[in-house]
Amino acid sequence: IKEVSHGSHTNQNSVYWHRGLDSIAMTYNLSPHFTLAELTKSDTAIRMGIFNEPEPYHYPALERLCRTILEPVRAHFGMAFSPSSGFRRPSLCEAIGSSRKSQHTKGEAADFELPGIDNHLVASWIRDNLDFDQLILEGYTDDDKNSGWIHCSTTGDGNRKEVLRYHRDTGYLQGLD
């Protein structure tokens, strides 16, 4: 186990990491309830042997994402959850059919859902209460409240407050409805 210090961040923890043959396990608290391991996990990366570890300069963006988006969602809805996707290297984005320029590659975006809670309700609360750059309700259908997921990003400065809904049949539409 190797200790890597990164004292230039607002969070003064150290990162402890171990490189296994197929995965990287890291424990570093980006916020009280979210770890670096949660925000970098990817079954696709493991299966395809894609390196998906962020650089130290990504940590402030990941910390901001957790502090300004994920932690407030957890607190408001009173539910622990783990994002399905957070940081992605450009090669991982490409492997899953996403853009190499996605905000995920900067540590600014996460995809998530809260099991048993209507994704439209969660997205509406984010729209009305948080400062975000982009909010997308993806793959949601009105007749299945647990369908789809939420993509939310923050840049920390000059957030656009862009609200979209995406479904493969209709593409991107403005707003949540």
Side-chain angles (χ1 to χ4, degrees), residues 10-11 26-45 52 54 58-89 92-93 95-99 101-177:
T10 56
N11 185 339
M26 296 173 282
T27 58
Y28 170 66
N29 290 331
L30 295 166
S31 68
H33 300 104
F34 296 95
T35 66
L36 185 58
E38 285 179 287
L39 273 287
T40 59
K41 74 176 186 285
S42 168
D43 291 339
T44 301
N52 195 47
H58 291 114
Y59 296 174
L62 287 162
E63 290 168 351
R64 181 176 49 250
L65 176 65
C66 292
R67 186 179 65 251
T68 63
I69 303 297
L70 302 178
E71 288 288 354
V73 167
R74 178 188 164 109
H76 178 76
F77 290 96
M79 175 178 283
F81 67 95
S82 184
S84 57
S85 183
F87 175 81
R88 294 186 215 134
R89 289 255 178 192
L92 179 57
C93 282
I96 64 169
S98 182
S99 169
K101 296 180 180 183
S102 165
Q103 286 182 285
H104 286 277
T105 65
K106 300 174 187 175
E108 296 176 343
D111 297 339
F112 59 93
E113 58 184 311
L114 280 64
I117 299 180
D118 184 340
N119 285 318
H120 190 282
L121 176 71
V122 176
S124 296
W125 184 84
I126 292 169
R127 178 197 61 207
D128 297 342
N129 294 282
L130 300 182
D131 184 26
F132 59 90
D133 185 58
Q134 188 178 60
L135 172 66
I136 307 173
L137 182 59
E138 298 196 48
Y140 181 82
T141 56
D142 294 323
D143 60 338
D144 181 0
K145 304 304 181 192
N146 291 314
S147 61
W149 65 92
I150 297 158
H151 165 96
C152 195
S153 66
T154 182
T155 62
D157 188 34
N159 285 325
R160 298 173 289 166
K161 299 282 272 188
E162 181 178 40
V163 179
L164 302 168
R165 185 168 174 165
Y166 176 82
H167 196 275
R168 63 187 133 132
D169 296 335
T170 60
Y172 287 98
L173 302 172
Q174 293 291 322
L176 296 176
D177 298 310

Can you see which heavy atom on [X] is nearest to which on [Y], and at what distance?
X	Y	result
Pro72	Cys66	CD-O, 4.0 Å
Pro83	Phe112	CA-CB, 4.0 Å
Leu70	Ala110	CD2-CB, 4.3 Å
Tyr59	Pro54	CE2-CG, 3.8 Å
Ser42	Ala45	OG-N, 3.0 Å
Gly107	His58	N-CD2, 4.5 Å

Heavy-atom check, side chain of [X] versus side chain of [Y], under 4.5 Å:
X	Y	result
Gln103	Asp133	yes
Leu92	His104	no
Val73	Val122	yes
Leu36	Phe87	no
Leu39	Leu65	yes
Asp131	Thr154	no

Whether [X] side chain and [Y] backbone form a donor-acceptor pair below 3.5 Å:
X	Y	value
Asn159	Lys161	no
Ser84	Asp111	yes
Asn119	Gly148	yes
Ser147	Thr141	yes

Determine all donor-acceptor pairs shorter than 3.5 Å in which one atom belongs to a side chain in residues 162-173; sequence neighbours excluded.
{"unit_1": "Glu162", "atom_1": "OE1", "unit_2": "Gln134", "atom_2": "NE2", "d": "2.7"}
{"unit_1": "Glu162", "atom_1": "OE1", "unit_2": "Arg160", "atom_2": "NH1", "d": "3.4"}
{"unit_1": "Arg165", "atom_1": "NH1", "unit_2": "Leu176", "atom_2": "O", "d": "2.8"}
{"unit_1": "Arg165", "atom_1": "NH2", "unit_2": "Tyr140", "atom_2": "O", "d": "3.4"}
{"unit_1": "Arg165", "atom_1": "NH2", "unit_2": "Asp142", "atom_2": "OD1", "d": "3.2"}
{"unit_1": "His167", "atom_1": "ND1", "unit_2": "Asp169", "atom_2": "N", "d": "3.2"}

Legend entry - Qualifying residues under salt bridge (Lys or Arg N to Asp or Glu O under 4.0 Å), relative to Glu71, sequence neighbours excluded: none
Legend entry - Under the salt bridge (Lys or Arg N to Asp or Glu O under 4.0 Å) test, residues paired with Arg64 that sit two or more places apart: none
Inset, instruction - Test Tyr28 against Glu63 for side chain to side chain contact (heavy atoms under 4.5 Å, CB included), laying out the working first. - result: CA-CA 10 Å; Tyr28 170 66; Glu63 290 168 351; 2.3 Å; yes
Legend entry - Trp125 and His76 aromatic ring geometry - parallel, tilted or perpendicular at 30°/60° bounds: parallel
Legend entry - Pairwise distance NZ(Lys101) to SG(Cys93) - rounded to 0.5 angstrom: 12.5 Å
Inset, instruction - Enter the distance from Ser102:OG to Arg88:CZ here, rounded to the nearest 0.5 Å. - result: 5.5 Å
Inset, instruction - Count the heavy atoms of every other residue, nucleotide or ligand shown that sit under 6.0 Å from CG of Asp128, and state whether that count exceeds 12. - result: yes
Listed by chain and number, what are the side chain to side chain donor-acceptor pair (under 3.5 Å) partners of [X], not counting sequence neighbours?
X	value
Lys106	none
Thr105	none
Ser124	His120

Inset, instruction - Start with the C-alpha gap between Ile150 and Leu137, add the side-chain angles, then the distance that decides, and say whether side chain to side chain contact (heavy atoms under 4.5 Å, CB included) holds. - result: CA-CA 5 Å; Ile150 297 158; Leu137 182 59; 4.2 Å; yes
Legend entry - Asn52 and Thr40: side chain donor to acceptor below 3.5 Å: no
Inset, instruction - Run the numbers on Thr68 and Leu130 for side chain to side chain contact (heavy atoms under 4.5 Å, CB included), then give the verdict. - result: CA-CA 7 Å; Thr68 63; Leu130 300 182; over 6 Å; no
Inset, instruction - Just do the side chain to side chain contact (heavy atoms under 4.5 Å, CB included) check on Phe34 and Leu62 with the steps written out, would you? - result: CA-CA 10 Å; Phe34 296 95; Leu62 287 162; over 6 Å; no
